[in-house]
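One structure is given here, and the rest of the page talks about it.
Worth saying up front: this structure is predicted, and the values here are computed from it rather than measured. Convention: sequence-line order gives letters A, B, ...; per-chain numbering from 1. Both backbone and side-chain heavy atoms feed into the values below; hydrogens, waters and symmetry mates do not.
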Protein chains: 2
Amino acid sequence: MGERLVDTVRRFNRTVTQRVGALDDGYLTRDRPLAQARLLWEVGPAGAEIAALRTRLGLDAGHLSRLLRTLEGDGLITVNSAPGDGRVRVAQLTSAGRAEWDVLDRLSDELAWSILEPLSDSQRTRLAAAMTEVERLLMASLVELRDCHPGEPAARACLRAYTRELAQRFEDGFDPGVGDDDLVPPTGLFLVATLSGEPVGCGGLRLVPGEPAEIKRVWVSPSVRGLGLGRRIVRELERRAADAGADLVRLDTNDSLTEAIQLYRSSGYHEIPAYNDNPYARHWFAKPLIKDDASGR
Amino acid sequence: MGERLVDTVRRFNRTVTQRVGALDDGYLTRDRPLAQARLLWEVGPAGAEIAALRTRLGLDAGHLSRLLRTLEGDGLITVNSAPGDGRVRVAQLTSAGRAEWDVLDRLSDELAWSILEPLSDSQRTRLAAAMTEVERLLMASLVELRDCHPGEPAARACLRAYTRELAQRFEDGFDPGVGDDDLVPPTGLFLVATLSGEPVGCGGLRLVPGEPAEIKRVWVSPSVRGLGLGRRIVRELERRAADAGADLVRLDTNDSLTEAIQLYRSSGYHEIPAYNDNPYARHWFAKPLIKDDASGR
DNA sequence: CCATATACCTGACTTTAGTCAAGCAATCCG
DNA sequence: CGGATTGCTTGACTAAAGTCAGGTATATGG
C-alpha cells in the first residue's frame, strides 16, 4: 500500500509536473530565454531585491547579474542601490518592462483558462479543489528545516512575526525581553523552516548542561498552518536535545496558544509545575526523552 | 468566480510544477546531462522507437540523434533497425543501461517517498487522491485534436482499436467493410485526439454537398474515458460540418454502445428513422446545426 | 526500375546555462 | 579609523541545448 502511494506520486511528477511545466514555460517565454522571462516575471511590478531573486530562482550570483544586465540593456528593468543599504541592489520594472510583465500576466491567465476551458463546470471546481489540496500538502514536504543564527535575517523575520503575534494574542501584550542571542551553540540552537527561501517557521532550544533542555520561540507562519510543521519542528528540537545529552525537555506557554498546547499534549508532553517565573507563562510542560540511535520506520 | 479558478490554476502551475519538476530533474540527473538522463529513462527496459522518443521528449531529430550516439558511446544503449521497416530504428538498453535505469527507478521511488515521508498517514492518502484527480482532469486539457489523414499511423491505430472494440462488443462481430479513405477533404475529414503524442481518440465526418453531414468512427481510448473527450470530438465535428455548409448532422449506432447513445442524446441529438442500411446500425440520430459566427464562452 | 518519400544521421554552427575566481564598493565591528 | 564582511559585478571559461542544411540508407508506388 505504501508502494501504491509512491507510484501515484511518481506518475503525478512525471505527467503533471513535466508536461504542464513545459507548457507553462513555453507560453511565458515570449521568444526570450527562459531564465530571462522567469526573472522578469519575478521582479514584478513591486520590484525586488536581487538577493531575493537569487534565492527564489536558485541562480548563481554571476549568472543572475548577467541576466539583469541583459534585461537592463533591453530597457525592461533598472537596477539601483537600496536606500537603506548601499550594497543591496533593487530591480524595478521600467514602463516597457511593466508592459511586458502585463503581457506575461495575461498569457498566464490564458494558459490557466486553456486548462479549464475544455472542462465542465463541476470538473473545473473539482480540479481547483484538488490542485489546492495537492499544493498545500506538497508544501509540507518542501519545507526545509535548518540551523540558523538568531541574528540572521530569516531568523529575525520569524522572531518578529512571533513577537507580533504573541503581542496580539496575549491579553496584556507581549515583550520578548532580552534577545535570543543565547540560542546558539553550545548554549542552545535555533532552527528556521523555509519554503523556497521564505522563512515560514522557527523554534529554539536552550541547553544548559545538567539541566533539562528548554524549547522556546516555536512559531509557524499562518500560511502553512495545519500542515504539521509545528510538530516537525518540535520533533527535531527534541532530537537535538537528546543528541546534546538532555533526558528531559520542557517549555512554558500561555492559555491563548491553544493550538500549541494541543500540539504539546498530543506529542507526549505532560503539564508540570512552574519551573520559571516567566510573567507570560500560564502552563509548563515537560517530556522525557528516550534515547534511540536506531531511528524507526 | 471564473477568476478565482484561474488564479488557483496559475498558483498551482507555478508552485507545484516548477518546484517539484526541478526537484525531480535534480534527482534523476545523476551527473549526466538532463536530456541524456531523460532519454535513458524514456528508452526504458522495453526499448523504444526513435520517432516515439522524439515526440515524447519533444526533441529535434539532430539533437536526439546526438544524444543517442552519446549514450551508445557510453555503452548504455544499442540502436538497431526495426525488423519490419529498415528505416525505423529502435533503441534498447544494454545490461549496463538497464542497471543505470534501475538506479533511476530507485531514485524516483526515493524522491516520491521523500515527498510522502513528512506527512501523516491520512495526509498521504489525501495527497495521493488529490494527485490522481488533478492528473485525470489535466489529461482532458492536454488532449489535442487535429486533422489527420485516415491513413496516417495515428489514425490507423485508432481505427484498429475502434474495429477491435466493436467486434468485441457487437453480438455478431464487426467488419468495417471498405476503408475510411473517403474521410479526407473535400468529401470528409478525420480527427485524431492525441495525449502527448499517443493517439487516444478519433472521429470522422463524411460530407456530401446538399446532404446532411455524417459522423462516423467516433472512438475514445479506455484510458481517457469519462473525461468528456467524446463530447469534445462530436462538438468539433459538428463545428466542421457547419463550416462546410451542412445544416444537419446525422449518424448511426448500435444498442451495445450505451455510452455513445447517452452522449448523443445529451448533446442534442434525437432519434430518426433509418437513413441507411448499415447492417450493424440499430439507431439513427440527427441534430440540426445552428450557425453562429460569434462563439460564446 | 526509377522517382519520391520516409526516417534518421552528420557537420557546422548559435544560443543559453552555468561555474569560478577576482575585484570593487558599501557597510559593519571593534 | 582600519580590517573584515557583505552584496554584487566582471572576466574568462565550459558544457549543454538547440537549429538547420545537407546527406544516406530504406521503403513505396507507379
Side-chain angles (χ1 to χ4, degrees), chain A residues 18 22 25-26 28-40 43 47-74 77-92 149 151-154 156 181 197, chain B residues 18 22 25-26 28-40 43 47-74 77-92 149 151-154 156 181 197:
Chain A
Q18 286 192 13
D25 291 344
L28 298 187
T29 205
R30 294 256 299 162
D31 53 42
R32 193 190 309 286
L34 179 55
Q36 272 180 46
R38 277 220 254 262
L39 177 55
L40 183 66
V43 170
E49 292 189 359
I50 289 183
L53 294 171
R54 205 166 46 230
T55 62
R56 279 218 292 272
L57 293 164
L59 293 173
D60 170 84
H63 188 193
L64 175 60
S65 185
R66 239 171 288 273
L67 290 172
L68 288 167
R69 229 45 57 220
T70 309
L71 290 179
E72 211 171 22
D74 291 354
I77 62 169
T78 56
V79 179
N80 299 298
S81 296
D85 186 335
R87 292 168 304 184
V88 175
R89 313 207 49 180
V90 176
Q92 299 274 350
H149 189 283
E152 272 185 46
R156 299 176 76 94
D181 294 339
Chain B
Q18 286 193 13
D25 291 344
L28 297 187
T29 203
R30 292 256 299 161
D31 54 43
R32 193 189 309 288
L34 179 55
Q36 272 179 46
R38 276 220 255 263
L39 177 55
L40 183 66
V43 170
E49 292 190 359
I50 289 182
L53 294 171
R54 204 165 48 229
T55 62
R56 278 218 292 273
L57 293 165
L59 293 174
D60 170 83
H63 187 193
L64 176 60
S65 185
R66 240 171 289 271
L67 290 171
L68 288 167
R69 229 44 62 219
T70 309
L71 290 179
E72 210 171 23
D74 291 353
I77 63 168
T78 57
V79 179
N80 299 300
S81 295
D85 185 334
R87 294 167 303 181
V88 175
R89 312 203 29 147
V90 177
Q92 299 273 349
H149 189 282
E152 273 186 45
R156 298 176 76 94
D181 293 339

Summarise how protein sits on nucleotides 15-20 of chain D as a single string, 5' to 3': B when a protein heavy atom is under 4.0 Å from the base, S for sugar-phosphate-only contact, - for no contact. -SSBB-
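Close to C:dC8, at under 4.0 Å from its OP1 or OP2, lies a side-chain N or O of B:Arg54.
Rounded to whole Å, atom P of C:dA7 lies 16 Å from atom CG of B:Leu68. Atom CD1 of B:Ile77 and atom P of C:dC8 are 13 Å apart (whole Å). In this entry the distance linking CG of A:Leu71 with P of C:dT16 reads 12 Å, nearest Å.
For the atom pair CG of A:Leu68 and NE2 of A:His63, the computed distance is 10.0 Å after rounding to the nearest 0.5 Å.
Take B:Asp85 and apply the side chain to side chain donor-acceptor pair (under 3.5 Å) test, not counting sequence neighbours, and it matches B:Arg87. Residues meeting the side chain to side chain contact (heavy atoms under 4.5 Å, CB included) test with A:Ser81, sequence neighbours left out: A:Arg89. Taking the salt bridge (Lys or Arg N to Asp or Glu O under 4.0 Å) definition, one finds that A:Glu72 meets it with A:Arg69, sequence neighbours left out. Shown here are the salt bridge (Lys or Arg N to Asp or Glu O under 4.0 Å) partners of B:Arg32, two or more places apart in sequence or in another chain: B:Glu100.
Residues of residues 79-88 of chain A that place a heavy atom closer than 4.0 Å to DNA chain C, in numerical order, are A:Gly84, A:Asp85, A:Gly86, A:Arg87.
Side-chain contact between B:Glu49 and B:Leu53 is absent, with no heavy atoms from C-beta onward closer than 4.5 Å.
When atom types are taken as modelled, the side chain of A:Thr55 and the backbone of A:Ala52 share a donor-acceptor pair closer than 3.5 angstrom.
Remark: of the listed residues B:Val43, B:Val90, B:Ile50, B:Ile50 is the sole one forming a side chain to side chain contact (heavy atoms under 4.5 Å, CB included) with B:Val79.
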